[in-house]
Amino acid sequence: MPQRHGTRLGTSASAPFSRAAHPPRLTRLAACLLGTATLSLPAWAQDQAAAPAPASAASAAADKNAADKSLETVVVTGLRASLASALNAKRQDRGIVDVIKAEDIAKFPDTNLAESLQRVPGVVIDRDAGEGRNITVRGLGADFTRVRINGIEALATTGGTDSSGGANRSRGFDFNVFAAELFNTITVRKSSSAEVDEGSLGATVDLRAARPFDFNKRVITGSVKARYNDLSRETDPRLAFLISDVFADRKVGVLVSGAYSKRRLFEEGFSTVRWDNGASSGGWCSPQGVTPANPTTTATTCGPAAQNVPRLPASQGATDAYNLASNTANFHPRLPRYGRLTHDQDRLGLTGSVQVQPTDRTLLTFDILYSKLKATRAEDFLEAISFSRTASQGGKPQTSVVQAQYAPNGALQYGVFNGVDIRAESRYDELSTTFTQPSLTLEQEITDHLKLNAKVGRADSRFRNPVQTTTTLDALNVNGYTLDFRGNDRLPVISYPFDPTQPGGALQIVGVPQVATNQPATVANTTTSEIRIRPQGANNRNDIAHVDLAWEVIPDRLTLKVGGDYKKYDFDTYEFRRVNQNDTIFAAPAGSAVLTKMLTGFGRGLNLPAGTPTSWVIPDLNAIAAAYDIYCNCIKSGPAGGPGDFTLSSTTNGNARGNNRAVVEKDKGGFVQADFEGRVLGLKVQGNVGVRYVQTEQEATGYLATGGGTEVVIGQKYKDWLPALNISANLAPDLIARFAAAKVMARPQLGNLNPGGTISTTGTLSITTGNPYLKPFRAKTFDGSLEWYFSRNAFLGVGVFQKNINTYIQSLRTNAPYNQTGLPLSLLPANFTGEEVFQLTTPINTPGGKLRGIELNYQQPFTFLPSWGKNFGTLLNYTYVKSKIAYLVSPTSDSIITDDLLNMSPKSWNATLYYEDDKLSARVSASRRSAFLTRVPGQNNNDVEGKNATLNVDASLSYKVNEKLTITLEGVNLTNEANDQFISRARNSPVVYHVTGREFLLGASYKF
């Protein structure tokens, strides 16, 4: 019987018994650098897809002899080789997996690993700054997918825009931390087995970096590319190298590889920070003659007379517009704004590997991985802030509706407003993620039939955001602000009743007046200019120890495995904010230079409607920082907690407290598994069956609002028995049927375990508390597939799956006045009365639901075509997922919303057409995911929030000049696809509509 590619019965497909039986494999980086792969495979592996099954013992023996002779390898090159290798790995695995091999990653025009993973059936990605950040597998989001690097569980996190989730404090893996060049194989394990450690409902993703024994010879390669973005009009470098060699009669190997890239880009578009209805935030200012909703409104002014904001004169038109806008079924944007985000990223990755094989039975491997992602991000917006503010903030109750038109679904189409506060807001972030992972692996063949595997490692991710500063310029209570969606529901016409490009004009620093005694922190019924300072960070550390024994009880038929795992996961996060929780400031210090600058050239990639400002004045952060000395962490002037206090606090700060927390998990587990292979009713059958036991000991730390930030530590334990079965049968020589079933679990989201809470008194008024007693997500999974390898390197497959989610976790939210929460008024800023309505949120365990789906997968080189047509080929896949979850709306009612699972796109597909001959390789790839939900219930009186469908098109072209030099040209996001986020199923109102431009890469790779 032919031996497996690189394995034999009872061993892991990624862990051969000895190097002698392990054919050289091309690494990820080599493929990227060379532009074409050189892949040595056993000859049988190339012909097996078309080979008939042995008809007798004699023919089986002949096949075995042929397999032995296959140690004389044939050499195949290019994309087809990598596709063949990946397909062979999929075919031979006992579980349900998808594999991406070296060239398969390298030849796709992918900037990181998430971009590569989106080619796998059932995998879709979510982007930040136009680049893949997180993945969803078969409808289950990033929190339900585990990632292992060189066999060690890891969690890498970084920061992002608020609309893309902000700083990652979850269990979701941020793939944009790593360059794709650092890895040579990605395996997506969609079915579970007892030997693979727990924690996933969706999939386990294995990333493998290059090792020197993959080559068994000296290899030196290097590449350089130039990346151009047509929106930012910047050109940036992308570099990579690999050096590998073996010594001491090939008993010692050393490898070093690295990749560096810089990426500068603009992200531009329109956003709203959600939509809300007419009655929100205290309602509108009524025209004269209509009873005011706000009791402080006078006969002629909106709100207190001291504010001098006039009510509209009495008229039927004014009354009609007011009544229409006040309808709870009619919605308007909360912060309508155009803006530019300027991203500047540097990504450095390094890998090292030392392998020692003193005997044919012993292999020791030391791997180390280092990655550093450094970035700055500047966010500049021109916005109206009144529509989301309360009376105490000088917001909506001071805003009059002059004219209004609404669509039948309740969406604002056109509006003219008086008493609107306009703001130029600038936020600047400095961000970095440092990831390190050393690991040591021992593979010891104790006897011919007994093997020991052991590994230890630590994956450490440190995210730092030492500078997150927001400054503003403001123009208060302007009349004649116009918002018009009639021509485009994503890009409205916004008209300002002043020149936003005028330095020292309407937009300026509005400070709190400074007085000698009883200094107020705010101006009553007004939102003045602000300086927000919010440094923060997060740490994730996984310490792993694993050992297992594999006993080949019946050679090539039955292997028993037993093993144990110890994992310790440490997570902590922190945030600081100003003691002055209103973030107000005094007027600019005397003698200060100009504190503003100009944003210009906005909207090149948007096809903006006529009349939209393309330039406006913005705060100059450096000048403001110098003038106010904002980073002194001290009181510059006035009383403590006042506008001149730039002191920072954390656990005692109501607005920062919730992001100061920690979780420690100690997981002890073990498994027993039997791998089997044989014949049943004449059919070849193989698979595994086993059970994993794991005990989770969890300790969560948080801080309560009462007592000025009292630390609370709460622990819990729970255990799980997780049986798993994988079985496959060769119904015909080229037809494989698979079935898998398992019980699985995923631990609760980190933020939901917080035993403390936080109060937000700026923006959306909210109180959020966690629940450290949450039980994990638990589910039963069933998978089946039929795979037809109908021609050499060709494949047609259909897979079905169902996940019965027994235990789910969701956050319940309700609205209530603060004075009904039981919390003391002392936690609120001085200008709050306690009558303000807060949004209260807490997570609970709830029943789940069923998730069902189907995957279709087709791959074929067109070798049946004549002439040059035989050089074409295609990869196509389609996934459909269906799931309905009953979401509770409020803890005080039985109301529910039945809708899709969060992050689940019901439909997704990928298509690639490629051409490859001895010199030229080209391909075009498209990836589409349908709309999906990100929050249920939605915020601000909406049912849901989500993202609309996306279609990303990429292309690449490479030309092999000679055996050493290859030239490449790649195009990414060729359609300039928008990040289109929405709120409300019925209205599909825009929350974010941003583009990042097309990118083009020209480069060369050279093999020395």
Side-chain angles (χ1 to χ4, degrees), residues 12 14-15 142-157 169-173 187 189 192-208 365 367-369 435-442 452-462 538-549 561-573 662-673 690-701 715-722 724 742-750 753 772 774-778:
S12 167
S14 60
D143 276 321
F144 303 111
T145 298
R146 292 177 54 258
V147 177
R148 302 190 302 186
I149 301 177
N150 296 328
I152 303 296
E153 184 173 353
L155 179 57
T157 66
R169 296 181 173 92
S170 74
R171 296 184 191 270
F173 191 95
T187 302
R189 303 185 184 278
S192 299
S193 60
E195 66 181 336
V196 176
D197 29 338
E198 77 295 331
S200 166
L201 261 63
T204 297
V205 177
D206 278 316
L207 310 177
R208 186 184 181 279
T365 302
D367 295 305
I368 187 164
L369 175 66
F435 181 91
T436 56
Q437 181 184 295
S439 63
L440 183 65
T441 304
L442 170 66
L452 169 72
N453 282 290
K455 65 181 63 177
V456 293
R458 166 176 288 179
D460 191 84
S461 175
R462 297 178 179 271
N539 301 304
N540 290 275
R541 173 178 289 176
N542 281 282
D543 289 306
I544 308 294
H546 168 87
V547 63
D548 70 71
L549 282 168
K561 297 180 180 179
V562 60
D565 295 274
Y566 174 79
K567 297 185 292 184
K568 184 182 179 185
Y569 171 58
D570 287 273
F571 162 79
D572 68 86
T573 176
V663 174
V664 177
E665 291 174 348
K666 297 178 182 178
D667 309 323
K668 300 173 184 176
F671 73 92
V672 176
Q673 178 173 303
V691 63
R692 169 172 286 272
Y693 170 81
V694 62
Q695 176 182 285
T696 301
E697 183 178 344
Q698 198 172 75
E699 185 177 270
T701 302
Q716 68 164 334
K717 292 182 181 180
Y718 49 86
K719 59 186 179 182
D720 288 273
W721 289 94
L722 305 171
K743 290 181 66 175
V744 295
M745 61 86 79
R747 296 177 178 91
Q749 295 99 330
L750 297 170
L753 292 171
L774 289 171
K775 298 304 179 184
F777 299 88
R778 292 187 171 106

- Arg541 CZ to Asp460 CG distance, which is reported to the nearest 0.5 Å: 4.5 Å
- Arg171/Asp143 under salt bridge (charged side-chain N to carboxylate O under 4.0 Å, His left out): CA gap, chis, key distance, verdict: CA-CA 5 Å; Arg171 296 184 191 270; Asp143 276 321; 5.9 Å; no
- Residue set satisfying ring-ring contact (aromatic ring centres under 6.0 Å, His included) with Phe435, at least two apart, ordered chain then number -> Phe178
- Item | Where Pro748 and Pro776 come nearest, the two heavy atoms and their spacing | CD-CA, 3.9 Å
- Query: Between Gln749 and Phe777, is a side-chain contact (heavy atoms from CB on, under 4.5 Å) present by the stated rule, with each step listed?
  - Reply: CA-CA 10 Å; Gln749 295 99 330; Phe777 299 88; 3.4 Å; yes
- Note on the structure: Value for CZ (Arg208) from CG (Asp367), rounded to nearest 0.5 Å, stands at 8.0 Å
- Item | Euclidean distance, Thr157 OG1 relative to Phe173 CZ, rounded to 0.5 Å | 9.5 Å
- Message: Tell me the closest heavy-atom pair linking Leu155 and Ser170, and the distance in Å.
- Response: CD2-O, 3.7 Å
- Go through the steps to decide whether Leu753 and Phe571 satisfy the test side-chain contact (heavy atoms from CB on, under 4.5 Å), and finish with yes or no. CA-CA 12 Å; Leu753 292 171; Phe571 162 79; over 6 Å; no
- State whether the side chain of Ser200 and the backbone N or O of Phe144 hold a donor-acceptor pair below 3.5 Å, judged by distance alone. yes
- Item | Spacing of Lys568 atom NZ and Lys668 atom NZ [to the nearest 0.5 Å] | 11.5 Å
- Indicate the atoms forming the closest heavy-atom contact of Gln437 with Asn150, along with that distance. NE2-CB, 4.3 Å
- Query: How long is the span from the CD1 atom in Ile152 to the CG atom in Asn542, to the nearest 0.5 Å?
  - Reply: 9.5 Å
- Message: Among His546, Glu198, Glu665, exactly one meets side chain to side chain donor-acceptor pair (under 3.5 Å) together with Lys567. Which residue is that?
- Response: Glu198
- Query: Can Leu440 and Leu442 be said to form a side-chain contact (heavy atoms from CB on, under 4.5 Å), step by step?
  - Reply: CA-CA 7 Å; Leu440 183 65; Leu442 170 66; over 6 Å; no
- Task: Grab the two heavy atoms, one from Ala459 and one from Ala154, that are nearest each other, plus how far apart they are.
- Result: CB-CB, 3.7 Å
- Query: Does NZ belonging to Lys719 count more than 12 external heavy atoms closer than 6.0 Å?
  - Reply: no
- If you round to the nearest 0.5 Å, how far is CZ of Phe671 from CG of Asp197? 9.5 Å
- Could you tell me which residues satisfy ring-ring contact (aromatic ring centres under 6.0 Å, His included) with Tyr693, sequence neighbours excluded, listed by chain and number? Trp721
- Query: Looking at Gly199 and Ala746, what are the two nearest heavy atoms and their distance?
  - Reply: O-CB, 3.6 Å
- So which heavy atom on Ser192 is nearest to which on Ala742, and how close? CB-CB, 3.8 Å
- Message: Determine whether a donor-acceptor pair (N or O, by modelled atom type, separation under 3.5 Å) exists between the side chain of Glu697 and the backbone of Lys666.
- Response: no
- Message: Please identify which of these residues, Asp720, Asp565, Asp548, meets the salt bridge (charged side-chain N to carboxylate O under 4.0 Å, His left out) condition with Arg692.
- Response: Asp565
